[in-house]
Amino acid sequence: MKEALKEARKAYKKGEIPIGAVIVRENKIIARGHNEKELKIDATFHAEISAIRKASKKLGSWRLNDCDMYVTLEPCAMCAGALIQARVGRLYIGATDPKAGAVGSVINVLSVEKFNHKVDVTYGILEQECSNILKEFFRELREMKSSK
């Protein structure tokens with residue numbers, strides 16, 4: 001999760017919502033990603049999607065069965081669906097997202113019984129650090145807006 005936090009800091013420096021993700025296979029990081037929606041002008045450019053794309057390219061397959069993802073914030077519905085589609089084996093989440101989380105907070109896409117793939121989930125990995133970077137980002141954003 002510390003490596004996912006490094007990715008979140010990259011997003012922060014770019015003025016993006018600081019969310020980071022890494023994909024691990026056989027105890028090695030094979031892909032990294034962070035939010036770049038604003039920079040790429042693309043609503044799908046979330047940290048998880050970026051990491052999945054890079055891992056798939058590296059492995060030459062869209063199937064990431066033997067891979068785990070570490071992400072600093074609970075995935076949204078789009079990203080949770082992508083985890084199922086990519087066949088990610090295990091998901092480690094830093095902070096939960098009470099406004100848009102789709103792995104238990106608002107809805108739980110990963111618990112739908114009819115889907116053909118199940119992703120194991122672990123919550124609360126470096127939760128405070130993952131939460132703090134988001135709080136700091138949005139505090140600074142509010143301060144910037146109020147000073148204008």
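The residues of the chain are indexed from 1 along the displayed sequence. On a predicted model such as this, the values are computed, not experimentally measured, just so you know. Keep in mind that the numbers below use all heavy atoms, side chains included, and drop hydrogens, waters and symmetry copies.
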Query raised in the report: To the nearest 0.5 Å, how far apart are OG1 in Thr72 and CG in Leu5?
Result: 6.0 Å
Query raised in the report: Do you reckon Ile17 sits in the same ILVMFWY cluster as Leu39, going by side-chain contacts under 4.5 Å, direct or chained?
Result: no
Query raised in the report: Do the side chains of Met69 and Val22 get nearer than 4.5 Å, heavy atoms only?
Result: no
**Report entry** Glu7 versus Tyr12, side-chain donor and acceptor atoms under 3.5 Å
**Finding:** no
Query raised in the report: Salt bridge or not for Arg32 and Glu3, using N-O below 4.0 Å?
Result: yes
Query - Hydrophobic cluster membership, Ile52 vs Met1, 4.5 Å side-chain cutoff - result: yes
Report summary line: Here the pair of heavy atoms bringing Gly33 nearest to Ser50 is CA-OG, 3.8 Å
Query raised in the report: Looking only at heavy atoms, what is the nearest atom pair of Val88 and His117, with distance?
Result: O-NE2, 2.8 Å
**Report entry** Minimum heavy-atom distance between Ala55 and Ile23, given as atom pair plus value
**Finding:** CB-CD1, 3.8 Å
**Report entry** Side-chain donor-acceptor contact under 3.5 Å, His34 with Lys14
**Finding:** yes
Report summary line: When rounded to the nearest 0.5 Å, the distance separating CD of Glu140 from NZ of Lys145 is 13.5 Å
Query raised in the report: Which residue pairs pass the ring pair (Phe, Tyr, Trp, His ring centres under 6.0 Å) test with at least one member in residues 40-96, sequence neighbours excluded?
Result: Tyr70-Tyr92
Query - hydrophobic_cluster_shared for Leu110 and Val71, side chain cutoff 4.5 Å - result: yes
Query raised in the report: Are side-chain N/O atoms of Glu74 and Ser105 paired as donor and acceptor at under 3.5 Å?
Result: yes
Report summary line: Heavy-atom closest pair (Ile30 atom, Lys58 atom, distance to 0.1 Å) is O-CD, 3.3 Å
Query raised in the report: Shortest non-hydrogen contact from Pro18 to Ala11?
Result: CA-CB, 3.9 Å
Show every donor-acceptor pair shorter than 3.5 Å between a side-chain atom in residues 120-131 and any protein atom, with sequence neighbours excluded, or say none if there are none.
residue	atom	partner	partner atom	Å
Thr122	OG1	Arg90	NH1	2.7
Tyr123	OH	Val103	O	2.4
Gln128	NE2	Asn132	OD1	3.2

**Report entry** Side-chain (Asp42) to main-chain (Thr44) donor-acceptor, under 3.5 angstrom
**Finding:** yes
Report summary line: Shortest non-hydrogen pair, Lys118 vs Val112, comes out as NZ-O, 2.7 Å
Query - Pair Leu59-Arg25, side chain to side chain contact (heavy atoms under 4.5 Å, CB included): steps then yes or no - result: CA-CA 10 Å; Leu59 298 177; Arg25 183 174 183 232; 3.2 Å; yes
For residues 78-85, which side-chain donor-acceptor pairs fall under 3.5 Å, sequence neighbours excluded?
none

Report summary line: Separation between OG (Ser56) and CG (Leu64), nearest 0.5 Å, reads 4.0 Å
Query raised in the report: Do Leu91 and Val106 belong to the same hydrophobic cluster, where Ile, Leu, Val, Met, Phe, Trp and Tyr are linked whenever their side-chain heavy atoms lie under 4.5 Å apart, directly or via other members?
Result: yes
Report task. May I ask whether Leu134 and Ile93 are part of the same hydrophobic cluster, defined by side-chain heavy atoms of I, L, V, M, F, W, Y residues being less than 4.5 angstrom apart, directly or through others? Result -> yes
